[in-house]
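Heads up: the structure comes next, in structure tokens.
Note that ligands are numbered from 1 as they come in the structure, with each ligand's atoms numbered from 1 the same way. For this chain, numbers begin at 1 and follow the sequence in order.
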Amino acid sequence: MTGTAHDPILEMSHVTKTYQVGRSRAPIVAADDVSFSLRAGESLGVVGESGSGKSTVAKMVLGLTRPDSGSIRIAEKDRTVRVRGSRARLDRAKAVQMVFQDPYGSLDRRLTVTAALEDTLRRHHPQQSRSARSRTIAGLLEKVRLKPELAGSYPHQLSGGQRQRVAIAKALAVEPDVLVLDEAVSALDVSVQAQILTLLNDIRSTTGVALIFVSHDLAVVSQITDSVLVMYRGVVVESGSTHDVLVNPAHPYTEMLLSSAPGPGWRPERVAALRARFAAS
Ligand code: ADP
Ligand code: MG
């Protein structure tokens, strides 16, 4: 990658995505003129209620969904999915990796932790020797703080938090520039959530990977992001530093997100405590 450290590694400009469900109905605008940029090591939160378009944005970054209009630039190359060769897909896979809410869905149940990591490494580093691969796997397990004795375990033998660590290790195995985490801690207990968030913060500072952290839980987002986009029905209604958005929300929707409890992950008293802490800092 050329360019300076200050150049964005990812830039989404005026991206719109609509879904047509049935002929007679009006199309759903899942993303409406969404723009943002991300630099190496930065962490961006995407928050909003269910259905606000967060996953649509994440999927477009990952190249899993095509935008109707606008562009998504990753590092130097324009990867606005008009480039469709297998080589282009591999580049994108390398640059951007994902971790979803349910690692059961993304981990192969027939593969042990080691086998899952071997599988990823073999595809992305076909030239790597067996011994180098073993060392890489040991390093990845250490990075996600998974005990070496769990290397031979299958997904069903692991806890939810451990499975999510494996999913993160698999994503890191290809040394991505950007890690997209879509509700990655939403299914975990609060204490496990905190461990994973600490881990992600450490990984971000040691590797320089940028994070796009998608969550309906503003309290979780506030613990791991520098800046946030607040989405409402496909529109970014507010964006800015996490600190400013939490302490001084400019949009009534953000205020509503902060003060109401629309879902199980929302804990207004937790948000209130966080806001007080942010305001004092
Ligand atoms: P979020 O992740 O914030 O819950 P989504 O991006 O999943 O929101 O969805 C945004 C809107 O787009 C919702 O109204 C959803 O129903 C709609 N949508 C998402 N994916 C599809 C799809 N594949 N087909 C039709 N509608 C979709
Ligand atoms: Mg979603």
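Checking Asp68 against Thr16 by side-chain atom types alone, no donor-acceptor pair falls below 3.5 Å. No hydrogens or angles considered: nothing links the side chains of Lys17 and Thr56 as a donor-acceptor pair under 3.5 Å. In this structure, a donor-acceptor pair under 3.5 Å is absent between the side chains of Gln101 and Ser186.
Using a 4.0 angstrom heavy-atom cutoff, Gly48 does not count as in contact with ligand 1.
To the nearest 0.5 angstrom, Asp182 atom CG is 10.5 Å from Ile212 atom CD1.
With hydrogens left out, the protein atom closest to atom 10 (C) of ligand 1 is Gly51 O, 3.4 Å, a heavy atom. Residue, atom and distance of the protein heavy atom nearest to atom 12 (O) of ligand 1 are Ala30 CB, 3.5 Å. Nearest to atom 14 (O) of ligand 1 among the protein's heavy atoms is Ile28 CG2, 3.6 Å. Distance from atom 7 (O) of ligand 1 to its nearest protein heavy atom, with residue and atom name: Ser55 CB, 3.7 Å. Ranking protein heavy atoms by distance to atom 19 (C) of ligand 1, first place goes to Tyr19 CE1, 3.4 Å. Nearest protein neighbour of atom 8 (O) of ligand 1, counting heavy atoms only, is Gly53 N, 3.2 Å. The protein heavy-atom contact nearest to atom 3 (O) of ligand 1 is Lys54 NZ, 2.8 Å.
Of the possible donor and acceptor atoms, one in the side chain of Arg204 sits under 3.5 Å from a partner among the backbone N and O of Gly41. Using modelled atom types, no side-chain atom of His125 and backbone atom of Gln127 make a donor-acceptor pair closer than 3.5 Å. No donor-acceptor pair under 3.5 Å is formed between the side chain of Ser227 and the backbone N or O of Gly240. At least one donor-acceptor pair under 3.5 Å links the side chain of Arg165 to the backbone N or O of Val144.
Ring pair Tyr154/His156 is parallel by interplanar angle, where below 30° counts as parallel and above 60° as perpendicular.
Closer than 4.0 Å to atom 16 (O) of ligand 1 lies none of the heavy atoms of the protein. Distances from atom 27 (C) of ligand 1 to the protein include at least one heavy-atom value under 4.0 Å.
Checking each of Ile74, Leu10, Leu179 against Val96 for a side-chain contact (heavy atoms from CB on, under 4.5 Å) leaves exactly one that passes, namely Ile74.
The option with the heavy atom closest to atom 5 (P) of ligand 1, from among Thr56, Thr18, Thr65, is Thr56.
Contacts between Glu49 and ligand 1 below 4.0 angstrom, taking non-hydrogen atoms only, involve the backbone exclusively.
For ligand 1, the atoms closer than 4.0 angstrom to any heavy atom of Val21 are 25 (C). Heavy-atom proximity to Ser52, at under 4.0 Å, picks out these atoms of ligand 1: 1 (P), 3 (O), 8 (O).
The Mg ion (ligand 2) has no N, O or S atom of Ser50 inside 2.8 Å of it.
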